[in-house]
Protein chains: 2
Amino acid sequence: MNAQTRKKTAGMTSGDSPSCCGLPGIPDARFFRALCDPTRLRIMALLVEARQPRTVSEVAEGFPVDVSVVSRHLAVLRDQGILLAERQGKEVRYSVNYEFLVSALHGFARAVEACCPPEE
Amino acid sequence: MNAQTRKKTAGMTSGDSPSCCGLPGIPDARFFRALCDPTRLRIMALLVEARQPRTVSEVAEGFPVDVSVVSRHLAVLRDQGILLAERQGKEVRYSVNYEFLVSALHGFARAVEACCPPEE
DNA sequence: ATTATATTTGCATGAATGCGCAAACGCGCA
DNA sequence: TGCGCGTTTGCGCATTCATGCAAATATAAT
């Protein structure tokens, strides 16, 4: 069992925001669940700014929590397809899944404004 | 104390996604926290599809949970600026704050892709 | 094979959260 | 003023979640 296909294999590739709620374009609650923690969000900011993959240890350096906690946070984001993970020797490098993340955000925004434009 | 300014007065008007994490454009964790519940997300879908304000009772009709629970969910979304609330007599009508929501989503997406465009 | 380093996982714990029910509150109306 | 309807809030309960620590796993080097 490698690093990317782990639990629910929720890793979707790009333009498929998993619709819940019947309304297409609205992501699954688990998508937001992955982003709703302050620590996880700061990890996201770090990886976005890094612009390149970072190991678990590197990410953990910037945080006061245990490495295992950071590892778990990264796994949560990876399981939702928001992060990508690849082993390199004994390290695992995490990076932002830009395509999926941006597509999910735009898809949600489009669904909202397409269904309900106030006036224009 | 009226319906909109309630707890933390987190109700921001439109284009100001409250940056956490130092990286501007990334919303506060509480923004995602408000969207990370399945019921709340279905409420969002309902209000988006409705295209017009809905009372608490009207929203609650479509859900198996108690009215008080729906009221709390609506309050959570309102406190984050995602929903708008206005009293009309004894009823309170909730509607989607399109400007804020879409702006927050696009702002996040822009921050991500601006900081880290894979290739283009 | 043994050791060392990096990452993940099991377990316990305290805090947060969703929920139902009942009571309180707000508002219109007789 | 009192009543009824719609909404919110207080409280208790069960579940989820973030965290730390220790143990397990994975991989490389000796």
Quickly work out the B:Leu77 CG to D:dT8 P distance and round it to whole Å.
12 Å
How do A:Pro64 and B:Val56 order along DNA chain D: which one's closest nucleotide is nearer the 5' end?
B:Val56
Without decimals, in angstroms, what is the distance between B:Arg33 CZ and C:dG18 C1'?
12 Å
D:dA18 C1' sits how many Å from A:Leu41 CG, rounded?
15 Å
Nearest-angstrom distance from the residue atom CZ of B:Arg40 to P of D:dT16:
16 Å
Phosphate contact (C:dG20 OP1 or OP2) by B:Arg72 side-chain N/O below 4.0 Å:
no
Look only at the side chain of A:Arg33 and the backbone of A:Val76, and say whether a donor-acceptor pair between them is shorter than 3.5 Å.
no
Between P on D:dG6 and CD on B:Glu61, what's the gap in Å once rounded to a whole number?
10 Å
It should be established whether B:His73 places a side-chain nitrogen or oxygen under 4.0 Å from OP1 or OP2 of nucleotide C:dC19.
yes
OP1 or OP2 of D:dT8 less than 4.0 angstrom from a side-chain nitrogen or oxygen of B:Tyr94, does that happen here?
yes
Look at the side chain of A:Ser68 and decide which nucleotide, out of C:dG18, C:dG26, C:dT8, has an atom nearest to it.
C:dT8
Ignoring the backbone of A:Asp37, work out which of D:dA18, D:dT8, C:dG18 is nearest its side chain.
D:dA18
Of A:Val65 and A:Gly89, whose nearest nucleotide on DNA chain D comes first from the 5' end?
A:Val65
Compute the ring centroids of B:Phe108 and A:Phe108, then answer whether they are less than 6.0 Å apart.
no
Would you call the rings of A:Phe100 and A:Phe31 parallel, tilted or perpendicular, where under 30° means parallel and over 60° means perpendicular?
perpendicular
Need to verify one output field. Residue with the more 5' nearest nucleotide on DNA chain C, B:Val76 or A:Asp66?
A:Asp66
Compare the minimum distances between each of D:dT7, C:dC19, D:dA26 and the side chain of B:Val92, then state the nucleotide with the smallest one.
D:dT7
Do the side-chain N or O atoms of B:Ser57 get closer than 4.0 angstrom to the phosphate oxygens (OP1, OP2) of D:dG6?
no
Do NZ/NE/NH1/NH2 and the carboxylate oxygens of A:Arg51 and A:Glu49 come within less than 4.0 Å?
no
To the nearest angstrom, the CZ-C1' distance between B:Arg87 and D:dC5 comes to 11 Å
Does any non-hydrogen side-chain atom of A:Arg42 lie less than 4.5 Å from one of A:Thr39?
yes
Closest of D:dA28, D:dA18, D:dC17 to the A:Lys90 side chain is D:dA28
Check the distance between C:dT8's P and A:Leu83's CG and give it to me in whole angstrom.
12 Å
Donor + acceptor pair across side chains of B:Arg30, B:Gln80 (<3.5 Å)
no
Hey, does B:Arg93 reach any base, or is it just sugar-phosphate, or nothing, if we go heavy atoms under 4.0 Å?
nothing
Proximity to the side chain of A:Glu91 - top-ranked nucleotide from D:dT7, C:dT7, C:dG20
C:dT7
side-chain N/O A:Thr39 vs D:dT19 OP1/OP2, d < 4.0 Å
yes
Roughly, in whole Å, what's the span from CZ in A:Phe32 to P in D:dC17?
16 Å
